[in-house]
Novice: 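This structure is in C-alpha cells; I'll ask about it shortly.
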Amino acid sequence: MLVYPSSIDLSSRTLRFLTRQLTSRQAKIGTRWRRLPASRQALLALAHLRCGDTYAQLAAGFGIGIATVYRYIREAVEALAALGPSLAEAMRTIREKAFVILDGTLLPIDRIAANTPYYSGNHKRHGMNIQVLTDPFGRLLWASPALPGSTHDLTAARHHGIIDALAEASLRCWADKAYQGAGGPVRVPFRGRRLKRWKRLHNTSHAKIRCVGERATATLKGWRLLRKLRCSTNRITDMVKAVLVLHHAST
C-alpha cells in the first residue's frame with residue numbers, strides 16, 4: 001500500500017488533550033510498553049474520527065497491525081466517552097442560556113434492508129437517531145445517546161428526558177415540526193398549508209431562529225466518521241460522546 005503525508009484540520013490543543021487522557025489511562029492500568037507512544041496513538045485516533053480513515057489505511061500509515069489499530073482507537077474512544085457529560089450535567093451550562101434549539105439528525109450506518117429498526121422513513125436510509133441541543137448561536141452544547149433510526153424525534157426527546165429537563169429549568173426551546181405535541185417549553189411552528197397571515201409570519205420568525213441549530217449537525221458531521229458509520233451500533237453512542245468531548249476541547 002502506498003503511503004503519503006496528510007493533514008487533519010484540528011488544532012494541536014486537541015492532540016495534546018487526547019494525549020493527556022491516554023497517558024493518564026495508561027498510567028492507571030499500568031501499561032509498560034506500546035508500539036506507539038500516547039501522542040502517536042492520539043494522532044491515529046484523531047485521523048480515524050476526523051478524517052474517517054479506515055483501519056487498513058491507518059495500519060499502513062503508522063506501521064502497525066490492523067488489530068492494533070482497532071485496539072488503540074477503541075481505547076481512545078472509551079477514554080473520551082467516559083468524559084462525556086450526561087444531560088443533567090450539561091443542564092448546568094444550558095440553564096445559563098437565554099434559550100436553546102433542539103434538533104434531531106440521522107447518522108447513516110452500514111445496514112441492509114432487513115434491519116428495519118434502523119431504517120428511517122423520513123430520510124429513506126438506515127441510521128441512528130441523535131438529538132442535539134445548541135445555544136442561540138448554533139454552538140453544540142450536548143448530543144444524546146444513539147437510538148435506532150426509526151425512532152421519531154419527539155419519541156427520542158422524551159426517551160432521553162430532554163423535554164422534562166427543559167421544563168424543570170424553565171428554559172425556552174425552539175424546535176421544528178417533528179416535535180409537535182411536545183408541550184411545555186418547546187416552541188414549534190404551525191402546521192398546515194393554508195395558514196392565516198399571522199401564523200405564516202410566526203413560522204418565518206420561528207424558522208430564522210431555529211435554522212441556526214443546523215450548525216450543530218454540521219459540526220457533528222464535520223467529523224467524517226459520523227457521515228457513514230460501519231462499526232457496531234452498540235459503539236455509536238461512545239463515538240458521538242467522544243466527538244462531543246473533542247469538539248469542546250478544541251473550542
Side-chain angles (χ1 to χ4, degrees), residues 1-90 92-93 107-111 128 130 140-147 219-251:
M1 183 178 292
L2 298 175
V3 180
Y4 66 95
S6 186
S7 63
I8 306 175
D9 56 341
L10 293 171
S11 66
S12 58
R13 179 170 57 181
T14 309
L15 178 63
R16 291 194 298 269
F17 171 79
L18 182 51
T19 299
R20 287 196 301 269
Q21 300 306 318
L22 291 174
T23 301
S24 175
R25 181 184 178 91
Q26 291 170 14
K28 184 177 180 180
I29 64 178
T31 299
R32 296 184 178 180
W33 181 83
R34 293 284 182 108
R35 290 292 303 275
L36 296 178
S39 59
R40 295 287 288 173
Q41 182 182 351
L43 183 63
L44 181 149
L46 291 176
H48 179 66
L49 293 171
R50 186 67 177 182
C51 304
D53 292 348
T54 64
Y55 294 159
Q57 290 171 327
L58 294 170
F62 285 84
I64 56 178
I66 293 178
T68 304
V69 171
Y70 171 81
R71 290 196 304 271
Y72 280 0
I73 291 175
R74 181 154 191 167
E75 181 182 39
V77 169
E78 289 176 353
L80 290 169
L83 302 175
S86 64
L87 178 59
E89 293 169 339
R92 297 171 189 170
T93 301
L107 300 182
I109 61 174
D110 186 16
R111 287 293 183 272
M128 300 295 286
I130 299 293
L140 180 62
L141 299 174
W142 180 78
S144 73
L147 291 175
T219 296
L220 277 179
K221 295 186 178 179
W223 297 78
R224 296 175 184 84
L225 181 70
L226 299 184
R227 297 179 187 177
K228 185 63 179 289
L229 288 155
R230 294 177 173 82
C231 62
S232 167
T233 54
N234 296 326
R235 295 182 56 204
I236 293 177
T237 293
D238 281 352
M239 292 285 188
V240 173
K241 286 183 178 181
V243 165
L244 181 65
V245 170
L246 288 172
H247 169 69
H248 287 161
S250 63
T251 56

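Bear in mind that the values here come from a model prediction, so they are computed numbers and not experimental data. For the single chain, residues carry numbers from 1 onward in sequence order.
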Novice: Any idea which heavy atoms bring Ala90 and Trp142 closest together, and the distance?
Specialist: CB-CD1, 3.7 Å
Novice: Going by an N to O cut-off under 4.0 Å, is there a salt bridge joining Arg71 and Glu75?
Specialist: no
Novice: Are Ile73 and Leu58 close enough that some pair of their side-chain heavy atoms sits under 4.5 Å apart?
Specialist: yes
Novice: Just how far is it from atom NZ of Lys228 to atom NZ of Lys221, taken to the nearest 0.5 Å?
Specialist: 12.0 Å
Novice: To the nearest 0.5 Å, what is the distance between CH2 on Trp223 and CG on Leu246?
Specialist: 4.5 Å
Novice: Do Tyr72 and Ile64 come within less than 4.5 Å of each other through their side chains, counting heavy atoms only?
Specialist: yes
Novice: Can you confirm whether Ser39 sits close enough to Leu15 that some side-chain heavy atom of one is under 4.5 Å from a side-chain heavy atom of the other?
Specialist: no
Novice: With rounding to the nearest 0.5 Å, note down the distance linking CD in Gln21 to CZ in Arg16.
Specialist: 13.5 Å
Novice: Can you tell me how far CG of Leu80 sits from CZ of Arg25, rounded to the nearest 0.5 angstrom?
Specialist: 9.5 Å
Novice: Working note: Val240 + Leu107, criterion side chain to side chain contact (heavy atoms under 4.5 Å, CB included); need CA distance, chi angles, decisive distance, verdict.
Specialist: CA-CA 10 Å; Val240 173; Leu107 300 182; 3.7 Å; yes
Novice: Where do Ile130 and Ala143 come nearest, in terms of heavy atoms and distance?
Specialist: CG2-CB, 4.3 Å
Novice: For Glu89, give me all partners under salt bridge (charged side-chain N to carboxylate O under 4.0 Å, His left out), at least two apart in sequence or on another chain.
Specialist: none
Novice: Please, which pairs that meet side chain to side chain donor-acceptor pair (under 3.5 Å) have at least one residue in residues 54-65, sequence neighbours excluded?
Specialist: Thr54-Gln57
Novice: Could you measure the distance from the CE atom of Met239 to the OG1 atom of Thr237? Nearest 0.5 Å is fine.
Specialist: 11.0 Å
Novice: To the nearest 0.5 Å, how far apart are CD in Gln41 and CG in Leu44?
Specialist: 7.5 Å
Novice: Which heavy atom in Ser250 sits nearest to a heavy atom in Thr14, and how many Å separate them?
Specialist: CB-OG1, 3.0 Å
